[in-house]
Number of protein chains: 2
Amino acid sequence: MELNDLPKLHSDFSVDCVVFGFDKGELRILLIERAEEPFKDFLALPGNLVYDNENIDQAANRVLSELTGLNDVYMEQLYTFGDVNRHPQGRVITVAYFSLIKVKKHTLNPLSAYAKKAQWFSVADLQPLAFDHQQILEKAYKRLQNKIRYQPIGFELLPEKFTLSQLQQLYEVILEKPIDKRNFRKKILSFGLLIELDEKQKNVSHRAAKLYKFNKTRYNNLKKMGFSFEL
Amino acid sequence: MELNDLPKLHSDFSVDCVVFGFDKGELRILLIERAEEPFKDFLALPGNLVYDNENIDQAANRVLSELTGLNDVYMEQLYTFGDVNRHPQGRVITVAYFSLIKVKKHTLNPLSAYAKKAQWFSVADLQPLAFDHQQILEKAYKRLQNKIRYQPIGFELLPEKFTLSQLQQLYEVILEKPIDKRNFRKKILSFGLLIELDEKQKNVSHRAAKLYKFNKTRYNNLKKMGFSFEL
DNA sequence: GCAAAAGTGTTAACTTTACACCCATGT
DNA sequence: ACATGGGTGTAAAGTTAACACTTTTGC
């Protein structure tokens, strides 16, 4: 791996972000509509080239921040896609990132010229995406399905305060299967990771549910001591 | 093949392979000793630049094949490392791959000029590695520890025919904890994924153990039907 | 015959699953 | 008063964990 022979090059690397959100009982993903060729008018994952002087993780955070105005977000590297022909105009290797955000907490900002405004789309029925972004999304979705079973990341998708039913519905939608209400509550409360608030839902036309929040500090402590979350 | 013989590059990305093996009761990793600066004489992961006209997965397979002469090997993408300063001579983003092989099945071949012969080293006590390869190895090791619990990949590290004790020892070494013999056997046999052979160990100075082999076909079938391996 | 590892079963503790009714609130 | 979702416990089935002695083989 000697560099001496390498042409000096700015990047043919990009990052693409798969940003999941959860709203109105549906899993959503943040997409832009491309304003330029190739794939003009197609939906695409928000992504951008990596600067010469920035780490990939930084690039992912920057791109996401440029999109959503937000920084304090669950984010991790997902997978790198580098098939020779994945980009019609030349070779671009892209490092995909995976991120979970609270939809309500963010306002979506206008983007640079290459894209129209970012918007939320339901993952369930989606038109074809640009490039190999369909494939990237599938990988991300599988990661989400896997990860949510053994890490408490579901909370990243819910508002700060949520009801147990909202949490259950989130799991049902992501795992694509129904869950028994009593068993779910028993299990999730048994971890001792939820703080029961002195507060209830408002303006609902049925018995108002208690609100909870996730005790992240406690989770971090337990994790250090070898505790493992598993649904 | 020397690096100077490589086709012209327009990209500074490489693949690095973390190749695990298991031998004499120890988890091992395949490393080369670098013959050139930077990090001359350091141990390093086998890696190489990705050709312009090959997919990353292909590159990883090629590099591994150039090293070991072997192709039919468990291999998956691990993680991409791209910190600005990870390579002292410029920016190189590297896609790390993770591979498990049967040590005995392969003869290690001489390499290109930039490296001396590849050799197996015990993962347990290792001198410092070149570049950020220590970090890559750690990530790979964690992946292995995780993955072995819910996918039957341990068999990739054992000879075709193995005893239950060898299998158990493999798990104990990788998971770094003792396992109860009777419970282990009960569990592992309960999957119905092992074929009991009409054959026993030879030349051991104690009762010879039965040999088994992994029933990969059956695993693939079961997997399609939603079966999940979990130790 | 002894050293070394192979092979084998039972029980108690715990976890998971299945399942149905009353409660609180808004209209 | 009714429609909507909130909230709650128990028992049976299944899984995991703890545990010790006999067998086979080579020397």
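Naming convention: chains lettered A, B, ... in sequence-line order (proteins, then strands); numbering from 1 in each chain.
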**Item:** Ring centroid separation A:F131 to A:F81 under 6.0 Å
**Value:** no
**Prompt:** Can you check whether A:I195 reaches A:F214 side chain to side chain, under 4.5 Å on heavy atoms?
**Reply:** no
**Prompt:** What is the distance, rounded to the nearest whole Å, between atom NZ of A:K202 and atom P of C:dG26?
**Reply:** 11 Å
**Item:** Between P of C:dA6 and CG of B:L211, the distance in whole Å
**Value:** 11 Å
**Item:** Length of the line joining B:E196:CD and C:dG7:C1', which is rounded to integer Å
**Value:** 11 Å
**Listed partners of B:F98 passing ring pair (Phe, Tyr, Trp, His ring centres under 6.0 Å), at least two apart** = B:F20
**Sugar-phosphate only, base, or nothing, as touched by B:S165 at under 4.0 Å among non-hydrogen atoms** = sugar-phosphate
What's touching nucleotides 17-21 of chain D from the protein side, N or O pairs under 3.5 Å?
unit_1	atom_1	unit_2	atom_2	d
D:dA17	N7	B:N183	ND2	3.4
D:dA17	N6	B:K186	NZ	3.3
D:dA18	N7	B:N183	ND2	3.0
D:dA18	N6	B:N183	OD1	3.0
D:dA18	N6	B:K186	NZ	3.4
D:dC19	N3	B:R182	NH2	3.2
D:dC19	N4	B:D180	OD2	3.3
D:dC19	N4	B:R182	NE	3.4
D:dA20	N1	B:R182	NH1	3.3

**Request:** Check the distance between C:dA5's P and B:L164's CG and give it to me in whole angstrom.
**Result:** 16 Å
**Request:** Check B:F191, B:Y219, B:F162, B:Y171 against B:F155 for a ring pair (Phe, Tyr, Trp, His ring centres under 6.0 Å) and give me the one that passes.
**Result:** B:F162
**Prompt:** Just how far, in rounded Å, is P of C:dT16 from CZ of A:R185?
**Reply:** 18 Å
Could you pull out all donor-acceptor pairs under 3.5 Å where a side-chain atom in residues 222-231 of chain B meets a protein atom, sequence neighbours excluded?
none

**Request:** Output yes when at least one side-chain N/O atom of A:K187 is less than 4.0 Å from OP1 or OP2 of C:dT16, else no.
**Result:** yes
**Fill in**
note: A:L167, atom CG; D:dG5, atom P; distance rounded to Å ~ 18 Å
**Request:** Report the distance from atom CG of B:L231 to atom C1' of D:dT15, rounded to the nearest whole Å.
**Result:** 13 Å
**Asked** Pairs in or reaching into residues 159-168 of chain A: which pass side chain to side chain donor-acceptor pair (under 3.5 Å), with residues at least two apart or in two chains?
**Response** A:K161-A:E199, A:S165-A:R185, A:Q168-A:E172
Give me, pair by pair, the N or O atoms of the protein and of nucleotides 23-26 of chain D that are less than 3.5 Å apart, along with how far apart they are.
unit_1	atom_1	unit_2	atom_2	d
D:dT23	O2	B:R207	NH1	3.0
D:dT24	O2	B:R207	N	2.9

**Prompt:** Are a donor atom and an acceptor atom from the side chains of A:E33 and A:Q119 found within less than 3.5 Å of each other?
**Reply:** no
**Complete:** With sequence neighbours left out, the residues meeting ring pair (Phe, Tyr, Trp, His ring centres under 6.0 Å) with B:Y212 are none
**Prompt:** Is the closest side-chain donor-acceptor distance between A:D57 and A:Y97 under 3.5 Å?
**Reply:** yes
**Asked** Taking atom P of C:dA4 as reference, at what distance in whole Å does atom CD of B:Q201 sit?
**Response** 16 Å
